[in-house]
Amino acid sequence: MKSRIATCLAALGLTAAGCAGTAPPTERLTTAQASVKAGRMLGAEEVPQAQLHLRMAEQSVARAQKLMRDDENELADLMLQQANADAQVALALTRESQARGELGMQPRQEVTP
Amino acid sequence: MNTMPSRKTLRRGLLLALAGTTLACGASQPPKELADARTAYQHAYNSQARQLTPAELHDARVSLQRAERAFSEDADTAKVRTYAYVATRKAQLAEIEAQTLDLQQRARLQEGTRAQQQAKEMAQTKEELEATRAQLSAQQQQLAAQRESIEKLVRMGAASSVREEGRGTVLTLSGTLLFQPGKSELRPQARTQLNQVADAIKEFGNKQVTAEGHTDSTGGEDLNMRLSQERADSVRGYLISRGVPEGQITAKGLGEAEPIADNKTAEGRAENRRVELIFQRAPGEMQQQTPGQPSSPQLQRTPPEPMQEQQEPAPYE
């Protein structure tokens, strides 16, 4: 009896671990898309480094959408986490560049890895 | 002939190399993303982020720990790589935001310095303006005082009129009052008048004064010229004797050449017999305009009657 439940649970766990059963990360997708949009609106495309991260975020979002269509929701979720992280960096770089401009300084030379 | 390695050997070498890589990246070897994340966090930790964005730095640390945990559970999965990737970005984020804060602080500081500088300049300008204004006001006061002293001469009867001309302030002294007809010696009574004039000139400081003698048209031209010169000299000599510096006053006779009234009437002739004292305007000195007195202010004591000592102050015209 006990062992049967354990087997059941293990089976459930396996299903969960396998990509098939995970719910589509729609919320994270929305967040990532909003972040990319915000980055563009704040002028991330004018700042080379920010533009790079914005593009990486966009690519990750696109990849995540494809994975979601393929029902690879877990992988899609991971991809969206990357997208969000890049979008945040793009936003921060844009703000930094603006602060630099207000000081009348040259754009930053140092490049983030 | 064939120095190039054959395709077969090349492929074998490639396989060997790949195998080597795989072996090297065994269970204990972290994926590149995790190595990057560790470096990025270390970098952020050693930056100003520790002071300026500690919360963001903490997030980055949590993120890195999550990646490390995932790695210890399962060495090389998509999850480990993503977590590490996110941890790298978070570390960068902490550093960038610290940099932004630093820039903003510097901007505020610069703004403050600029405002201070501006305030300083403004205060200086204001000070200069006030000094100029004070100087101007002093100058005006001096001019007003000078004008007042001349006008007083007219009121007290020492002179018959005062007027402003381009060349300066012209004070007219009646020849009839000063001299016996046809003579250039001063009447004794004229001295009282000229004493007042001398005082007024001394009040004017170093202003150049010209004494100009004029006659009416009776008598010969030569005689009139000589008489006018002698009368001007006489006035000048007396004023010098009353303390006016010699170099400050000059005399010249103009004869009958510049009448100010009709020579056909006795009254007109009396007006034409005169000595004018011209107080030369200093270069750049503005013509004094007293309120209520239009363009050519003229104060006149009328009529110039001979042989009269003090008179009632004459009203302004």
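Computed from heavy atoms alone, side chains included, the values below leave out hydrogens, waters and symmetry copies. All chains are named by letter (A, B, ...) in the order of the sequence lines, taking the proteins before the strands, and each is independently numbered beginning at 1.
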- Item | Taking every non-hydrogen atom, the tightest pair across A:A92 and B:T100 | O-OG1, 4.1 Å
- Query: Take atom CD in B:E128; do more than 12 heavy atoms of anything else shown fall under 6.0 Å from it?
  - Reply: yes
- Item | A:M56 vs B:R89 side-chain heavy atoms within contact, under 4.5 Å | yes
- Query: Can you find a pair of side-chain heavy atoms, one from B:Y85 and one from A:D86, that are under 4.5 Å apart?
  - Reply: yes
- d(B:E111 CD, A:L103 CG) to nearest 0.5 Å is 10.0 Å
- Query: Looking at CD of B:Q92 and CG of A:L93, how far apart are the two atoms once the value is rounded to the nearest 0.5 Å?
  - Reply: 8.0 Å
- B:K79 versus chain A, the contacting section by heavy-atom distance below 4.5 Å: both
- When you look at CZ of A:R55, are more than 12 heavy atoms from neighbouring residues, nucleotides or ligands closer to it than 6.0 Å? no
- Between the side chains of A:Q81 and B:T82, is a donor N or O closer than 3.5 angstrom to an acceptor N or O? no
- Is there any salt bridge (Lys or Arg N to Asp or Glu O under 4.0 Å) pair reaching into residues 130-140 of chain B, and which pairs are they, with sequence neighbours excluded? none
- Message: Surrounding CZ of B:R66 (heavy atoms of other residues, nucleotides or ligands, distance under 6.0 Å), is the total greater than 12?
- Response: yes
- If you look at every heavy atom in B:A78 and A:L75, which pair is closest and at what distance? CB-CD2, 3.7 Å
- Message: Within the 4.5 Å heavy-atom criterion, are A:R100 and B:Q99 side-chain neighbours or not?
- Response: yes
Only pairs under 3.5 Å count here: list side-chain donor-acceptor contacts from residues 51-60 of chain B, not counting sequence neighbours, and write none if there are none.
from	atom 1	to	atom 2	distance (Å)
B:T53	OG1	B:A49	O	3.4
B:T53	OG1	B:A94	O	2.9

- Message: Any non-hydrogen side-chain atom of B:L103 less than 4.5 Å from a side-chain atom of A:E102?
- Response: no
